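Below is one structure, written out as structure tokens; comments come after it.
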2 protein chains.
Amino acid sequence: MKELHNFAESEEMYLKTIAEISRHGNLVPVTYIAERLSISTVSASEMVHRLQGRGLLEHTPYKGVRLTDDGLNRAESILRRHRLWECFLAEHLGLPWKQVHDFACQLEHVSEDALTDALDKHLGFPSFCPHGNPIPPAQGVLEVRETTPLSDLDVGQEGVVLCIREEDGEMLDYLDARAVRPGSRVRIEEIAPYDGPRSVLLDGEKQVLGREVAEHILIELVNDNETE
Amino acid sequence: MKELHNFAESEEMYLKTIAEISRHGNLVPVTYIAERLSISTVSASEMVHRLQGRGLLEHTPYKGVRLTDDGLNRAESILRRHRLWECFLAEHLGLPWKQVHDFACQLEHVSEDALTDALDKHLGFPSFCPHGNPIPPAQGVLEVRETTPLSDLDVGQEGVVLCIREEDGEMLDYLDARAVRPGSRVRIEEIAPYDGPRSVLLDGEKQVLGREVAEHILIELVNDNETE
DNA sequence: TCTCATAATTAGGATGCCCTTATATTAACT
DNA sequence: AGTTAATATAAGGGCATCCTAATTATGAGA
């Protein structure tokens, strides 16, 4: 029987969102945060001030927001919980990607360290979530992988799917159905005019993916020469 | 990415609490609810009105509160989630009773049906939580078992521990340490004066349990003649 | 340099849940 | 029947988070 309130949840959503948007420590416009959280810019701005007051981020007016070390630690802890739960939901409960993501979004807010660590152990200390995103370690920093959005590839280029940016549940559902998985081999066959849909060869199967979708598929380029 | 609010959580705590207190459909005084939730009677009263407005309970002034069918269904669904999580936390993650209970208290609010059902399946459709409390089925009503608090037994009487009333985390910790488990065989050896501590033989080991504690241990009486 | 879209802030509210203090109502016991 | 203790309600607030509408400040491009 715990306290009825959950003051921390909002805070966690902000931190997680900021961390997700700013993949490499760039400044994140408050507008983006508001959009991602589906709240007004006024509210987002308000909250940004509060979080700044708590030392979790720094706001440069008219530029954007950057997490402090504290804020980044908190954010990574949330991402860790989220992705560990995703592993559990996908591997042990056998749920589809969309549900995996949605449920993890809720579970991430109610896992204290003891629970998270026990879960980590139970799962065998996985390094990646089912969508291929790295799981931050209990302490220490997440090392960054070099990735390219599928949308940046030209015709003829090949790569391996590293991970799916999982900000959007709908998109996960879509990609799940099309068997786009971390590890999938992908090759651009054709790009429709005006940066349009991509025809790709995905694990040998022909598929068509819109540009929007392709932006969320992160690739490790494979050098054409040195592969079979 | 879900909405930031959790309007449902308070409601769930009330319903669950009421269901736990009123073991057999008795009227539950608002005072008890307030006490169990550690809030003022004014606040509890307010909320009771709200819940009545939503058709989840009926309040008879100066008497108490009774869940409607709707309210009871909601409450059992919460207990179901709570106890299924407890199974997972205890059996799969190997956590101690107190943590099992505390974590389940949080997890119970973030499990939609799809998640709960998948968990149920994964656990092999258990019938009881680690503390021996029955797990309500996905639909249908929980059948009630006949139980006697250990505190009601007289010297010489014997029984088997059916379950631990788990309203209180501290108590679980205490009983966990003393190896009081569902299925344990117990026999009252002595009752100290003024309804004081019980000396009991628990699975062959001598223990002393306070009356308060004994009230939370629910027993199935064993007829002295027909057992070895 | 000037203009304009973008970003920030101010003002005024709403909601949900909680609080204390004070006052009314009722049940239950003498 | 009358007193008292338990219960309920009313009045006035607080806090966290969100909202809209209106205003101000800024930076970036023409």
Side-chain angles (χ1 to χ4, degrees), chain A residues 1-18 21-22 26-67 71 74 78 105-106 108-110, chain B residues 1-18 21-22 26-66 71 74-75 78 105-106 108-110:
Chain A
M1 206 122 309
K2 283 277 134 134
E3 78 288 340
L4 296 179
H5 277 291
N6 214 338
F7 297 132
E9 190 163 331
S10 260
E11 178 179 304
E12 291 185 350
M13 288 302 277
Y14 276 86
L15 295 179
K16 183 184 137 192
T17 302
I18 295 167
I21 301 180
S22 102
N26 333 341
L27 284 171
V28 176
V30 177
T31 316
Y32 287 17
I33 304 171
E35 194 183 349
R36 277 286 299 283
L37 293 173
S38 304
I39 59 176
S40 74
T41 58
V42 177
S43 300
S45 198
E46 227 176 42
M47 189 60 164
V48 158
H49 286 321
R50 274 194 285 259
L51 295 175
Q52 186 167 35
R54 290 180 221 167
L56 296 168
L57 53 77
E58 271 155 31
H59 178 222
T60 313
Y62 300 97
K63 291 294 164 76
V65 143
R66 173 178 292 126
L67 294 178
R74 292 269 290 132
I78 300 154
C105 270
Q106 307 196 237
E108 70 192 9
H109 301 296
V110 294
Chain B
M1 207 122 307
K2 282 277 136 130
E3 76 288 341
L4 295 179
H5 275 293
N6 213 338
F7 297 132
E9 189 162 332
S10 259
E11 178 179 304
E12 291 185 350
M13 287 301 277
Y14 276 87
L15 295 178
K16 183 184 137 191
T17 301
I18 295 166
I21 301 180
S22 103
N26 332 341
L27 284 171
V28 175
V30 176
T31 316
Y32 287 16
I33 304 171
E35 194 183 349
R36 277 285 299 283
L37 293 174
S38 304
I39 58 175
S40 73
T41 57
V42 178
S43 300
S45 198
E46 226 176 43
M47 189 60 165
V48 158
H49 286 321
R50 275 193 284 257
L51 294 176
Q52 186 167 36
R54 291 178 220 168
L56 296 168
L57 53 77
E58 272 157 28
H59 178 221
T60 314
Y62 299 97
K63 291 295 165 73
V65 144
R66 173 178 292 125
R74 292 268 290 131
I78 300 154
C105 270
Q106 306 196 238
E108 70 191 9
H109 301 295
V110 294

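Sequence lines set the chain letters: A, B, ... in the order given, protein chains first and strands last, and positions in each chain run from 1. All values reported here derive from a predicted model rather than from experimental measurement.
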Indicate yes or no: at least one non-hydrogen side-chain atom of B:Tyr14 is less than 4.5 angstrom from one of B:Ile39. yes
Using a cut-off of less than 4.0 Å, is there contact between a side-chain N or O of A:His49 and OP1 or OP2 of C:dT9? yes
Rounded to the Å, how far apart are B:Glu11 CD and C:dC18 C1'? 17 Å
Return the value, rounded to whole Å, for the distance between atom CD of B:Glu46 and atom C1' of D:dT7. 15 Å
Report the distance from atom CD of A:Glu35 to atom C1' of C:dT6, rounded to the nearest whole Å. 14 Å
Whole-Å distance, A:His59 NE2 to C:dT9 P, equals 6 Å
Looking at C:dG16, I'd like to know if its phosphate oxygens (OP1 or OP2) sit under 4.0 Å from a side-chain N or O belonging to B:Arg50. no
Out of C:dA11, D:dA11, D:dA8, which has the shortest distance to the side chain of B:Pro61? D:dA8
Would you classify B:Thr41 as touching base, sugar-phosphate or nothing, given that sugar-phosphate means primed atoms plus P, OP1 and OP2, and contacts are heavy atoms under 4.0 Å? nothing
Which nucleotide sits closest to the side chain of A:Val42: C:dC18, C:dT21, C:dA11? C:dA11
To the nearest Å, give me how far apart CZ (B:Arg54) and P (C:dT15) are. 14 Å
Check the phosphate of D:dA8 against B:Ser45, side-chain N and O only, distance under 4.0 Å to OP1 or OP2. Yes or no? no
Between P of D:dA8 and CD of B:Gln52, the distance in whole Å: 11 Å
Under 4.0 Å from OP1 or OP2 of C:dA7: is there any side-chain N or O of A:Tyr32 that close? no
If you only use heavy atoms from C-beta on, which nucleotide in D:dC18, C:dT9, C:dC18 is closest to the side chain of B:Ser43? C:dC18
Check whether any side-chain nitrogen or oxygen of B:Ser40 sits under 4.0 Å from OP1 or OP2 of C:dC19, and answer yes or no. yes
Quick check: on DNA chain D, is the nucleotide nearest B:Gly64 upstream (toward 5') of the one nearest A:Lys63, or the reverse? Name the residue that is more 5'. B:Gly64
Donor-acceptor pair (no angle test) under 3.5 Å: B:Tyr62 side chain, C:dT25 base: yes
Rounded to whole angstroms, how far apart are CD1 on B:Ile39 and C1' on C:dC19? 11 Å
Could you report the tightest heavy-atom contact between B:His59 and B:Gly64, atom names first, then the distance? CD2-O, 3.3 Å
Measure the distance from CE on B:Met47 to C1' on D:dA8 and round it to the nearest whole Å. 18 Å
Before giving the answer on side chain to side chain contact (heavy atoms under 4.5 Å, CB included), spell out for B:Gln106 and A:His109 the whole-Å C-alpha distance, their side-chain angles and the decisive distance to 0.1 Å. CA-CA 9 Å; B:Gln106 306 196 238; A:His109 301 296; over 6 Å; no
Below 4.5 Å, heavy atoms only, C-beta onward: do A:Arg36 and A:Met13 meet side chain to side chain? no
Specify the closest pair of heavy atoms between B:Ile18 and B:Val28, including all atoms of both residues, with the distance to one decimal. O-CG2, 4.0 Å
Closest listed nucleotide, where the reference is the side chain of A:Ser10 and the choices are C:dC18, C:dA7, D:dC18: D:dC18
Tell me what B:Val30 touches on the nucleic acid: a base, only sugar-phosphate, or nothing, going by heavy atoms under 4.0 Å. sugar-phosphate
Walk me through whether B:Val30 and B:Thr41 qualify under side chain to side chain contact (heavy atoms under 4.5 Å, CB included). CA-CA 7 Å; B:Val30 176; B:Thr41 57; 5.5 Å; no
